[in-house]
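This report refers to the structure that appears directly beneath it.
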Amino acid sequence: MSLLTTSGKGVPFLDTSCLQETSPELNKEEPAGMADRGADEPSSRTESPDGESRVSEDRWSLHQRLAIRELIDTEVSYLHMLRLCALDIRSRLKQLPQGDLDVLFSNIDDVIKVNSRFLQDLQGTDAMEEKQVQLIGNLFLEFQEELERVYKVYCANYDQALLLVESYRREPELQREIQAIIEAVVPQAGPSGLSFLLVIPLQRITKYPLLLQKILENTLPDARAYSVLQRATSALQDVNTNINEYKRRKEVASKYTKVEHLTLRERLARINTHTLSKKTTRLSQLLKQEAGLVLRTEDKEFDDLEERFHWVSLCVTELKNNVAAYLDNLEAFLRFRPQQYDLDMPAGPVGQYCNLARDLQLQAFPEFKQRLEDLVGQPLCSLAKALAGPQNLIKKRLDKLLDFERLEEKLLEEGSVTYEEEEARHTYQALNSLLVAELPQFNQLAVQWLGQILGTFVALQRDLAKQVLQRAESSLAQLPHHHLSEPAFRKLVEEALGQTGHQLRSFQENFEKVLTPPTVQPLLPGAERQVQALLTKYGPGKLYQVTSNTSGSRTLDLSLPRGQIVALLQNKDTKGNSSRWLVDTGGHRGYVPAGKLEPYQTVPREEKLRGQAGPREDSRHPTPEPTPALVAAVPTGTQVVAMYPFVARNSHEVSLQAGRPVTVLEAPDKKGNPEWSLVEVDGRRGYVPSSFLARAPSPAPWGWSVPS
């Protein structure tokens with residue numbers, strides 16, 4: 001009777017349905033005169049009742065000893081074959097890469113360790129003939145968990161090993177080399193070759209319940225060992241069942257953990273009536289749950305595991321981003337090399353500093369950066385990739401849960417489901433069991449991995465500091481004040497910093513007395529309508545101006561020119577980061593660095609300012625307005641006209657009213673920037689945008705002349 005069955009895809013599975021039967025092969029090994037217990041009945045009829053009982057007990061005992069001997073002898077042969085595979089054959093297959101050997105032989109070393117101890121204890125029961133049967137039953141119960149642990153790993157990897165064997169058959173030369181090695185070590189393997197060897201552990205684990213069953217059949221029901229053998233037989237049947245379930249879970253995991261990067265065309269090609277029907281049904285089930293029409297399946301254990309997994313994923317993502325930013329900043333730091341410039345300072349400590357800085361820039365810091373990328377950056381990227389598989393499984397579990405809930409409703413209503421629907425129920429159960437069983441281990445390993453990465457990062461920082469101090473030791477002894485104690489040196493530094501701070505404040509006060517051009521771009525005339533819309537919608541307190549060009553590099557970031565007016569929606573992003581503000585440009589919403597925004601003071605409407613500038617003109621006799629020429633470069637003292645209103649935002653600027661005369665003192669500013677002009681308005685001096693000024697043309701006899 002075959003101990004393996006084959007699924008529709010040709011994938012072998014452990015078959016536990018045969019475990020209640022006695023193997024015909026085992027029966028063939030029984031002596032011919034004892035194969036049938038009824039063969040001795042004619043001779044036993046002449047015996048006395050006591051004689052019949054003794055003959056019967058002897059016969060049971062003989063069959064029992066034969067079954068025990070078969071168990072031990074076959075275990076010896078099995079272990080010998082495993083060692084041949086692990087030592088001789090694996091060492092001779094040098095033409096195969098190490099990765100292939102790891103797949104083919106999987107955890108066979110662990111299997112050998114467990115079965116070696118099991119065989120040693122099994123042979124030790126020979127000295128205890130009266131208690132041998134009971135000891136064997138207890139021995140199987142003792143090794144139950146270890147056998148399940150090692151064999152389920154081997155059986156789960158068996159399919160992948162068969163795929164490799166099949167690939168070798170497509171290369172005749174390689175197949176002949178492998179076959180020659182196997183036949184030289186194990187002649188009985190025959191043409192099956194690797195397949196014959198790889199299936200041996202699967203056959204052995206399914207053989208244990210049969211061997212125990214045979215010993216049990218030849219044990220008197222009233223014997224003390226009978227109940228122990230029953231429990232051992234049931235335990236080994238459970239082992240095979242659990243191995244099958246574990247293998248099924250692994251197949252589901254391997255199916256749904258694959259991350260596919262499909263184009264839009266490929267995704268559209270996969271859409272058919274079946275997929276549309278599934279997605280529509282799931283969406284309907286989800287909407288019913290949201291509306292409260294059907295109950296949602298609650299799984300507190302899984303919800304806690306999922307929450308912890310997402311927390312771990314967030315930590316990995318944030319740490320990866322932080323390390324990437326750290327490496328970018330370190331790269332920028334390495335580009336800055338002040339020691340290469342002429343500092344125009346006397347030699348001595350400055351020269352020592354330049355030598356030390358040059359040494360650190362060329363050796364210490366580049367080595368640190370490379371180690372940081374290798375020991376921190378790459379492991380973090382690997383950990384982030386490892387999260388993709390569980391994330392896909394969690395996502396698939398939600399889809400399969402919706403299918404499972406719908407099928408449970410159908411099962412309650414109709415009492416039955418189709419074969420495909422039953423498979424869908426089993427898929428969800430296998431997927432859920434896999435996640436509940438292995439997510440805790442994954443979360444724990446991921447946290448340990450994170451801890452090791454952080455520990456490595458701290459160790460690298462410590463090594464860098466130690467290396468810098470070692471390189472600076474010779475220079476430190478030559479620096480001034482090296483003889484001072486730490487408290488005295490700290491006091492000296494504080495006094496020097498205080499004196500320097502006083503000098504900086506004095507410099508700032510003197511600097512503010514000098515008119516300097518503003519750095520903020522004024523509002524462009526074409527943007528007045530957009531600003532007015534933002535002002536009407538959000539009010540003046542929410543308006544900000546962009547101080548420099550921004551380039552959006554992250555999701556939802558905006559790229560804005562200098563001078564753009566925006567409305568503030570929120571002074572932090574969704575993660576609570578206050579350095580990114582959510583703004584509205586009037587057409588788009590997104591994030592802008594907070595450091596590139598400053599409050600914008602609204603400008604009164606042009607019509608009101610014109611009304612303040614002079615008497616109101618009679619609307620019945622409209623006078624055409626001129627189209628003056630913009631001011632580019634004009635002589636000092638030139639009289640021009642303000643085309644647009646402008647509100648001063650600091651002490652260096654002066655406010656304008658549209659239509660008012662303005663005297664230009666300096667057309668370019670002191671730095672030669674033609675965008676700003678120093679003007680005088682009503683006795684007040686300050687800078688205004690040059691584009692807001694225009695030359696006033698000569699007046700026509702009746703008002704302004706219309707330009708041709």
Side-chain angles (χ1 to χ4, degrees), residues 325 328 515-610 630-632 642-658 662 667-669 671-679 686-694:
D328 292 341
L515 284 176
T516 56
T519 59
V520 180
Q521 177 76 8
L523 177 65
L524 300 177
E528 290 184 358
R529 182 176 300 174
Q530 181 183 10
V531 174
Q532 191 63 34
L534 293 175
L535 183 64
T536 304
K537 186 175 181 179
Y538 297 102
K542 292 288 186 179
L543 297 191
Y544 283 76
Q545 189 171 29
V546 181
T547 59
S548 62
N549 295 337
T550 65
S551 178
S553 58
R554 300 170 60 181
T555 305
L556 298 181
D557 282 359
L558 296 177
S559 297
L560 301 177
R562 184 179 61 166
Q564 174 81 38
I565 304 300
V566 297
L568 177 64
L569 300 180
Q570 192 172 4
N571 59 354
K572 59 183 178 181
D573 61 12
T574 55
K575 297 181 179 179
N577 184 7
S578 59
S579 63
R580 296 173 72 224
W581 287 4
L582 181 63
V583 300
D584 183 7
T585 64
H588 301 87
R589 293 188 178 188
Y591 292 101
V592 176
K596 295 189 177 182
L597 296 175
E598 70 171 14
Y600 176 73
Q601 298 178 359
T602 56
V603 181
R605 296 191 58 142
E606 184 175 340
E607 291 78 9
K608 294 182 180 179
L609 292 177
R610 286 182 176 176
L630 298 178
V631 172
M643 291 181 59
Y644 308 102
F646 176 71
V647 177
R649 291 159 293 183
N650 52 53
S651 59
H652 307 313
E653 299 175 355
V654 64
S655 299
L656 295 178
Q657 292 181 352
V662 179
D669 61 19
K671 294 184 178 180
N673 184 7
E675 296 181 0
W676 293 88
S677 300
L678 180 63
V679 300
Y687 281 92
V688 297
S690 301
S691 59
F692 279 38
L693 305 176

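Count residues from 1 along the sequence.
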Donor-acceptor list for residues 582-590 side chains, cut-off 3.5 Å, not counting sequence neighbours:
from	atom 1	to	atom 2	distance (Å)
Asp584	OD1	Gly586	N	2.9
Asp584	OD2	Tyr538	OH	2.6
Thr585	OG1	Gly587	N	3.4
Thr585	OG1	His588	N	3.1
Thr585	OG1	His588	O	3.2

Whether the side chain of [X] engages the backbone of [Y] through a donor-acceptor N/O pair (distance < 3.5 Å, no angle test) should be reported.
{"X": "Gln564", "Y": "Leu560", "result": "no"}
{"X": "Asp573", "Y": "Gly576", "result": "yes"}
{"X": "Lys596", "Y": "Asn549", "result": "yes"}

Are the side chains of [X] and [Y] in touch, meaning some heavy atoms are under 4.5 Å apart?
{"X": "Asp557", "Y": "Val592", "answer": "no"}
{"X": "Arg580", "Y": "Lys575", "answer": "no"}
{"X": "Glu653", "Y": "Asn650", "answer": "yes"}
{"X": "Val566", "Y": "Leu543", "answer": "no"}
{"X": "Val662", "Y": "Phe692", "answer": "no"}
{"X": "Trp676", "Y": "Pro689", "answer": "yes"}
{"X": "Phe646", "Y": "Ser655", "answer": "no"}
{"X": "Leu597", "Y": "Trp581", "answer": "yes"}

Stepwise side-chain contact (heavy atoms from CB on, under 4.5 Å) test for Lys537 and Lys542: CA-CA 10 Å; Lys537 186 175 181 179; Lys542 292 288 186 179; over 6 Å; no
Shortest non-hydrogen separation from Pro593 to Thr550 and the atoms involved: CD-CG2, 4.4 Å
Nearest heavy atoms of Ser578 and Ala594, plus distance in Å: O-CB, 3.8 Å
Value rounded to 0.5 Å, distance of CG in Leu534 from OH in Tyr600: 11.0 Å
Spacing of Ser690 atom OG and Leu678 atom CG [to the nearest 0.5 Å]: 10.5 Å
